[in-house]
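Letters A, B, ... are given to chains in the order of the sequence lines, protein chains preceding strands, and every chain is numbered from 1. Fair warning: this is a prediction, and the values are worked out from it, not measured in the lab.
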2 protein chains.
Amino acid sequence: MAFDEALARVRTGGGRLTGARRELLEDLHRRAGRVTAEELASRHPGVDQATVYRSLAHFEEVGVIEHVHLGHGPASYRWAGTRTIAAVCQECGAVIDLPADELDALARRLDDEYGLELSLGHFALSVRCPACR
Amino acid sequence: MAFDEALARVRTGGGRLTGARRELLEDLHRRAGRVTAEELASRHPGVDQATVYRSLAHFEEVGVIEHVHLGHGPASYRWAGTRTIAAVCQECGAVIDLPADELDALARRLDDEYGLELSLGHFALSVRCPACR
DNA sequence: TTCTTTGCAAAATGTTTGCAGATAC
DNA sequence: GTATCTGCAAACATTTTGCAAAGAA
């Protein structure tokens, strides 16, 4: 998603585009990878941790970012719309990004057989990476 | 896995089969479904919460149980070896158990293309259930 | 001017740890 | 007898909340 579109979305439903939000959005957009709330907070010392969480929640509500659970630690956030899914190595913790297409066949089966709509984000796949096998 | 086999496993490497552990094992075995540490602790008031966590960790180490993250709440534990995977509805939180075979094709692809060994437990699939669509 | 957002501090949630005494083997 | 396990209480990590002041529209 383009940065400007994100700015517009943040304002939907009376949302305000504050300094803190703009700062966080720029960071999230620029890096494109995954970040935890704690990393964001520490990179933006002027922005309170509570504000980081509240901003992230708002960004997610308006579809600007999405979060995924990579393991036992904190959630990871990234700019929305990247069609990849995370696989986490259970042993070394490495995160491997896979094209989301890999799940297309599974998604189709789950839909056909159970009426379930598979959503790509939110949970990682649990794997063992080549190095750890 | 049979209950007796579990008892044996708990003793591997000098592990002791204590009253608390036997109680928890019986509960986990009998119910076969998923339980959180907190539920276990409250069903066994004589067993301290710390003991529950430590026992669960030990049971998992010796392969008697496995845990999965179903969402934002606590982890869920269940008797090992059940070949199903959990799908969690993002909207209503319902947990749907699917035959693990559904992931066989995906597992094969991930192995062939990336050298990744997919492991079935630990993370749930994120879905929208028929009722919520 | 009005409604939203912020910072701060405190609470809530889920889990882990240190330690001295109890228990399994 | 000796190493492991337990309860207790305190710490920890992540996230959420209440509230009064500040800021966006």
Ignoring hydrogens and geometry, is there a side-chain-to-backbone donor-acceptor pair from H58(B) to V10(B) under 3.5 Å? yes

Measure from NE2 on H69(A) to C1' on dT14(D) and round the result to the nearest Å. 11 Å

Could you tell me how far apart Y77(A) (OH) and dT14(D) (P) are, to the nearest whole angstrom? 12 Å

Would you say Y53(A) places a side-chain N or O within less than 4.0 Å of OP1 or OP2 belonging to dT15(D)? yes

H29(B) and V64(B), any side-chain heavy atoms less than 4.5 Å apart: no

Tell me the interatomic distance from H44(B), atom NE2, to dG7(D), atom P, rounded to whole angstroms. 12 Å

Note: for H72(B) and G14(B) on DNA chain D, the residue whose nearest nucleotide lies more 5' is G14(B)

Need one value for R54(B): base, sugar-phosphate or nothing, where a base atom within 4.0 Å counts as base even if backbone is also close, heavy atoms only. base

Pairs of donor and acceptor atoms involving the side chains of residues 123-130 of chain A, under 3.5 Å and at least two apart or interchain, shall be tabulated with distances.
from	atom 1	to	atom 2	distance (Å)
S126(A)	OG	S119(B)	OG	3.1
R128(A)	NH1	E91(A)	OE2	2.9
R128(A)	NH1	C132(A)	O	3.4
R128(A)	NH2	E117(B)	OE1	3.2

Passes side-chain contact (heavy atoms from CB on, under 4.5 Å), R83(A) versus L120(A)? Steps please. CA-CA 8 Å; R83(A) 291 252 319 152; L120(A) 298 170; 3.3 Å; yes

From NE2 of H58(B) across to P of dT4(D) the rounded distance in Å is 11 Å

Taking R16(B)'s backbone N and O only, do any of them form a donor-acceptor pair with R21(B)'s side chain (distance below 3.5 Å, no angle check)? yes

Non-hydrogen side-chain atoms of D111(B) and L118(B) separated by less than 4.5 Å: no

Might you list the N or O atoms of the protein lying below 3.5 Å from N or O atoms in nucleotides 23-25 of chain D, with each pair's distance?
from	atom 1	to	atom 2	distance (Å)
dG23(D)	N2	R16(A)	NH1	3.3
dA24(D)	N3	R16(A)	NH1	2.9
dA25(D)	OP1	R11(A)	NH1	2.8
dA25(D)	OP1	L17(A)	N	3.4

Determine whether F3(A) and L28(A) make a side-chain contact, defined as any pair of heavy atoms from C-beta on separated by less than 4.5 Å. no

Nt span of DNA chain C in reach of chain B heavy atoms at under 4.0 Å, 5' end first, is dG14(C) to dC25(C)

Hey, which sits more toward the 5' end of DNA chain D by its nearest nucleotide, Q49(B) or G46(B)? G46(B)

In the structure I gave you, are the side-chain heavy atoms of H44(B) and D27(B) within less than 4.5 Å of one another anywhere? yes

